[in-house]
Amino acid sequence: MSVLLETSLGDIVIDLLIDDSPKACENFLKLCKVKYYNFSPVHNVQRDFTLQTGDPLGPESAESDGGSSIWGLLDGPEKRTFPVTLPPKLKHTERGIVSMATVPSSRDPDERLAGSQFIITLGDNLDFLDGKAAIFGKVVEGFDVLEKINDSFVDNQGRPLKDIRIRHTVVLDDPFDDPPGLVEPPESPLPSQAQLATVRIADDEELDENMDEESLERLRREREARAQALTLEMVGDLPFAEVKPPENVLFVCKLNPVTQDEDLNLIFSRFGTILSCEVIRDKRTGDSLQYAFIEFENQKDCEQAYFKMQGVLIDDHRIHVDFSQSVSKLSDSWRNATISKRAAQRGGFGGVASLEKKRQYRASDNARRAKDDDYGMVFDKKDPDRQSTAPGPRPRERSRPRDSRRDRGRAIEARAIAIPTAVETEIGPMILIVDMGVDLGRRDEMIDIEIGDE
């Protein structure tokens, strides 16, 4: 009874000990039969100790559940793990021992539970694993592959920097009957999107054999950055994944809240022509967020300003200057141009005839549209909406004439429920009667309460 594991570093043949661990062997065989382990990463390598795999996504994935037994796949997540017996006569005495990774049961500390993850020893006499991992097989071919895995570069968590994955599983002999509901796929399935998202450096990517660990880590980070940029492009936050920030825009922070656009324009204009200078402000209050973007016409002028203005004192604040990493302006310009082009060709919203632009909840009909030269956060003092909504005295509407007798009665009731408050003024003490808003009859009529001398 054997299983062939085709990995990215070579083939490994495992003989199963069905007489000593029948339950673990059945679980492993059936998972291999349904191709559950395909594209599973070797997510932990401890030199001269063990390698661990069997989780299709790996523990670093947010979507990973740690793997499931064959009965969990067929009968539901409540059977994701199963109790496994630890053979007392089998020990981790040599390289190539294959064991199921186990955890203690929450109900019985003496009971061990297993799922789909398994480990293969990379050293001899590892008695630490005895009583913790359930042995169910031995490697009979592929020790050179184990040596390659043992010598691989890993990070501080033990994960190989270059992916090591199980590509295929082949069951050479299966003495167990298939459980109800098990369907063997006709061919190996393709990796899922969740599995592809866990790729660091692809197992088939050619690398320099003399590349050190630091270079591998840098290559991994570059690949991860490209993957994140591609995700941002897919959701529409970037116009394209290879977009780069402009090289003629400075980012200035640690500004004094009183510093204005004109002040920065005057100070930085000594280095060259400025195309735009914007202090970023809060949309609601208009208060400065204490950072700004300054766009120069010439890149060399921008570089000169970067070197000369670092740490300069402006309005009693020592500023920090750096090159801008923002691409929001480029993204907005590209998005607006694309939508306008599509709409002109096919109509509708965004070039799709079946779509209609909807107004946001409670948004005004004459809301200000973002300009191409704005960063999308600048408070525009010329905004007509803000001028129209500026606070000021509101004209008081006169209510219709009311019956004097009814008014007197309501005034008495209002006086009974009002709270008198003493107020000191220049002409002497006064009494302020505060209406508590009690319903005195009609809700659309208000009782006039005046301030009078005591």
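No hydrogens, no waters, no symmetry mates; every other heavy atom, side chains included, goes into these values. Quick caveat, the model's predicted, so the values are computed rather than measured.
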- May I have the step-by-step check of side chain to side chain contact (heavy atoms under 4.5 Å, CB included) for N44 and I119, ending in yes or no? CA-CA 9 Å; N44 186 272; I119 61 177; over 6 Å; no
- I149 side chain reached by I120 side chain, heavy atoms, under 4.5 Å: no
- Donor + acceptor pair across side chains of H92, T121 (<3.5 Å): no
- Item | Min side-chain heavy-atom separation Y36-T169 under 4.5 Å | no
- Task: Keeping the roles fixed (side chain from R318, backbone from G311), state whether a donor-acceptor pair exists under 3.5 Å.
- Result: yes
- Can you see which heavy atom on P87 is nearest to which on I135, and at what distance? CG-O, 3.7 Å
- Message: So for atom CD, which belongs to Q299, do other residues, nucleotides or ligands contribute more than 12 heavy atoms lying within a distance under 6.0 Å?
- Response: yes
- Message: With heavy-atom distances below 4.5 Å as the criterion, would you say the side chains of Q193 and E63 are in contact?
- Response: no
- Heavy-atom check, side chain of I97 versus side chain of K138, under 4.5 Å: yes
- Side-chain heavy atoms of P179 within contact of K30, under 4.5 Å: yes
- In sequence, state the C-alpha distance, the side-chain angles, and the governing distance for N150 and D48, and then conclude on side-chain hydrogen bond (donor to acceptor under 3.5 Å, both in side chains). CA-CA 7 Å; N150 191 46; D48 297 328; 3.0 Å; yes
- Message: Using the rule side chain to side chain donor-acceptor pair (under 3.5 Å), only one of D15, D173, D174 pairs with S2; which is it?
- Response: D15
- Query: Side chains of C253 and Q290: does their closest heavy-atom pair fall under 4.5 Å?
  - Reply: no
- Item | Check: Y306 ring centroid to F271 ring centroid under 6.0 Å | no
- Message: Let's go through E297 and N248 carefully: what are the C-alpha distance in whole Å and the side-chain angles of both, what is the deciding distance for side chain to side chain contact (heavy atoms under 4.5 Å, CB included) to 0.1 Å, and is it a yes or a no?
- Response: CA-CA 7 Å; E297 184 179 21; N248 62 328; over 6 Å; no
- Query: For the side-chain contact (heavy atoms from CB on, under 4.5 Å) test, which of Q117, E60, R165 pairs with H43?
  - Reply: Q117
- Just wondering, more than 12 heavy atoms not from D108 lying within 6.0 Å of its CG? yes
- Do C302 and F323 have side-chain heavy atoms sitting under 4.5 Å apart? yes
- Is there a donor-acceptor pair under 3.5 Å between the side chain of Q46 and the backbone N or O of G158? no
- Item | Main-chain N/O of I70 paired with N27 side-chain donor or acceptor, under 3.5 Å | yes
- Between the main-chain N or O of S69 and the side-chain N or O of S116, is there a donor-acceptor pair closer than 3.5 Å? no
- Atom CD in E295, atom CG in D301: separation rounded to 0.5 Å? 12.5 Å
- Taking the six-membered ring for Trp, are F49 and F128 parallel (under 30°), tilted (30 to 60°) or perpendicular (over 60°)? tilted
- Task: Without swapping roles, check the side chain of D124 against the backbone of R95 for a donor-acceptor pair under 3.5 Å.
- Result: yes
- Task: Without swapping roles, check the side chain of D315 against the backbone of H317 for a donor-acceptor pair under 3.5 Å.
- Result: no
- Task: Mark yes or no for whether Q310, through its side chain, and K308, through its backbone, hold a donor-acceptor pair below 3.5 Å.
- Result: no
- Task: Could you go through the side chain to side chain contact (heavy atoms under 4.5 Å, CB included) check for T273 and N298 one step at a time?
- Result: CA-CA 7 Å; T273 304; N298 193 335; over 6 Å; no
- Check the angle between the aromatic planes of F28 and Y37 and answer parallel, tilted or perpendicular using the 30° and 60° thresholds. tilted
- Query: Below 4.5 Å, heavy atoms only, C-beta onward: do L172 and V170 meet side chain to side chain?
  - Reply: yes
- Return yes if some donor-acceptor pair links the side-chain N/O of S64 with the main-chain N/O of S61 below 3.5 Å, else return no. no
- Correct closest heavy-atom pair for L255 and A292 would be CD1-CB, 3.9 Å
- Task: Tell me, yes or no, whether the heavy-atom count around L313 atom CG, taken from other residues, nucleotides or ligands under 6.0 Å, exceeds 12.
- Result: yes
